[in-house]
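Reading through the structure tokens given below for one structure.
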There are 2 protein chains.
Amino acid sequence: MLAGELAVDYPTVKLDTNALVAARLLASERLPGLVVLDDNGEPRTVLPAFQVLRFVVPAYIQADRGLARVVDAKYIGQMCATLADKQVGDLLPAKRTRPLVVHADDTAMEIAQLMEQEHSPVVAVVDGDGRMLGAITLTQLLDRILPG
Amino acid sequence: MLAGELAVDYPTVKLDTNALVAARLLASERLPGLVVLDDNGEPRTVLPAFQVLRFVVPAYIQADRGLARVVDAKYIGQMCATLADKQVGDLLPAKRTRPLVVHADDTAMEIAQLMEQEHSPVVAVVDGDGRMLGAITLTQLLDRILPG
């Protein structure tokens with residue numbers, strides 16, 4: 001079972017896509033992440049849904065459960081609204097070491113290893129010219145490899 | 001917006017549920033995690049889909065991308081099959097510091113803070129007696145709190 005057989009159509013965004021637009025796409029489609037295209041239109045990385053959450057919960061609340069309880073109910077809406085002033089590139093994690101891309105002839109274990117190492121719930125699949133064929137999510141991969 | 005209003009019906013497993021059965025449920029329903037009930041039938045924690053992946057990719061391959069390429073194609077099937085000899089309790093991460101449970105009157109920010117701190121894509125919602133009302137996923141939460 002190779003990546004080319006596992007790839008399915010998947011939504012993409014660009015580095016300069018508005019962060020709120022991207023977040024709404026993730027949320028409404030219940031996606032674990034979005035594939036991010038570079039300036040050449042080739043898939044490069046993934047914006048995980050968790051990264052959006054990180055901007056909704058400010059650092060001083062991440063570390064203090066008590067503060068989460070006392071902030072005004074409007075506050076989370078205000079945090080969400082700040083996404084409108086950001087781009088997808090502003091939300092990406094800094095620590096990626098590898099592109100979140102596999103080639104059509106990569107194996108299921110190579111896909112699983114990349115997801116595991118980079119803790120990404122989605123990877124893009126490209127052909128020999130770097131063109132995107134689709135993407136594979138963690139649960140789609142498990143669905144294909146688990147014994148029935 | 002309180003947890004009780006956000007909760008939706010959600011599948012659960014027990015600590016002694018067969019790990020392969022749980023993994024197939026995650027995979028076929030495309031769930032980010034499963035709510036795990038304790039021996040009293042009350043929600044306690046969550047089995048994230050990523051934990052299943054950790055058992056599919058053995059430690060010596062997690063650290064070595066080259067090995068992922070050379071293992072035989074049957075190998076990933078063998079790793080998946082070992083789940084049949086495990087229970088959900090065997091797959092849970094060791095490092096949780098808080099139960100992945102919120103109360104019906106907890107706020108959206110408290111839910112977001114718990115998901116962020118414990119890096120869990122799902123939390124269970126309970127009433128005052130500890131009975132499960134449902135669960136909230138990360139993308140469902142984002143869908144409700146993001147401005148339209």
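Quick note: numbers below take in every heavy atom, side chains included, and nothing from hydrogens, waters or symmetry partners. Just so we're on the same page: letters track the sequence lines, and every chain starts at 1.
The CG atom of B:Leu67 sits 9.5 Å away from the CE atom of A:Met109 when rounded to the nearest 0.5 Å. Rounded to the nearest 0.5 angstrom, A:Leu142 CG and B:Arg24 CZ are separated by 10.0 Å. In this structure, B:Leu146 CG and A:Leu26 CG are separated by 9.0 Å, a value rounded to the nearest 0.5 Å.
Residues B:Val70 and A:Val102 share a single hydrophobic cluster, defined by chaining ILVMFWY side chains whose heavy atoms lie under 4.5 Å apart. Clustering ILVMFWY residues whenever any of their side-chain heavy atoms sit less than 4.5 angstrom apart, transitively, puts A:Leu141 in a cluster other than the one holding A:Val101.
Chosen from B:Ala63, B:Ala112, B:Ala81, the residue pairing most often with chain A at heavy-atom distances under 4.5 Å is B:Ala112. Among A:Arg144, A:Met79, A:Gln62, the residue making the largest number of heavy-atom pairs under 4.5 Å with chain B is A:Gln62. For the options B:Cys80, B:Ala23, B:Ala49, heavy-atom pairs under 4.5 Å to chain A are most numerous at B:Cys80. Heavy-atom pairs under 4.5 Å with chain B peak, among A:Val56, A:Leu83, A:Val57, A:Val52, at A:Val57. In terms of heavy-atom pairs under 4.5 Å with chain A, the best-connected choice from B:Leu20, B:Val71, B:Leu2 is B:Leu20.
Interface residue A:Arg98: only side-chain heavy atoms are found under 4.5 Å from chain B. Only the side chain of A:Thr107 comes within less than 4.5 Å of a heavy atom in chain B; its backbone stays farther off. With a threshold of 4.5 angstrom between heavy atoms, A:Pro48 does not approach chain B through any atom at all.
Contacts from residues 30-43 of chain A to chain B, taken as heavy-atom pairs separated by less than 4.5 Å, involve A:Arg30, A:Leu31 in sequence order. Inspection of non-hydrogen atoms places B:Met115, B:Glu116, B:Gln117, B:His119, B:Ser120, B:Pro121 of residues 114-124 of chain B under 4.5 Å from chain A. Contacts of residues 126-140 of chain A with chain B at a heavy-atom distance below 4.5 Å involve A:Leu138, A:Thr139, A:Gln140, listed in sequence order. Identified by a heavy-atom distance below 4.5 Å to chain B, contributing residues of residues 3-13 of chain A are lacking entirely.
When the shell of 6.0 Å around CZ of B:Arg65 is examined, it contains 12 or fewer heavy atoms from other residues, nucleotides or ligands.
Of all heavy-atom pairs spanning B:Arg69 and A:Asp106, the tightest one is NH2-OD1, 2.9 Å.
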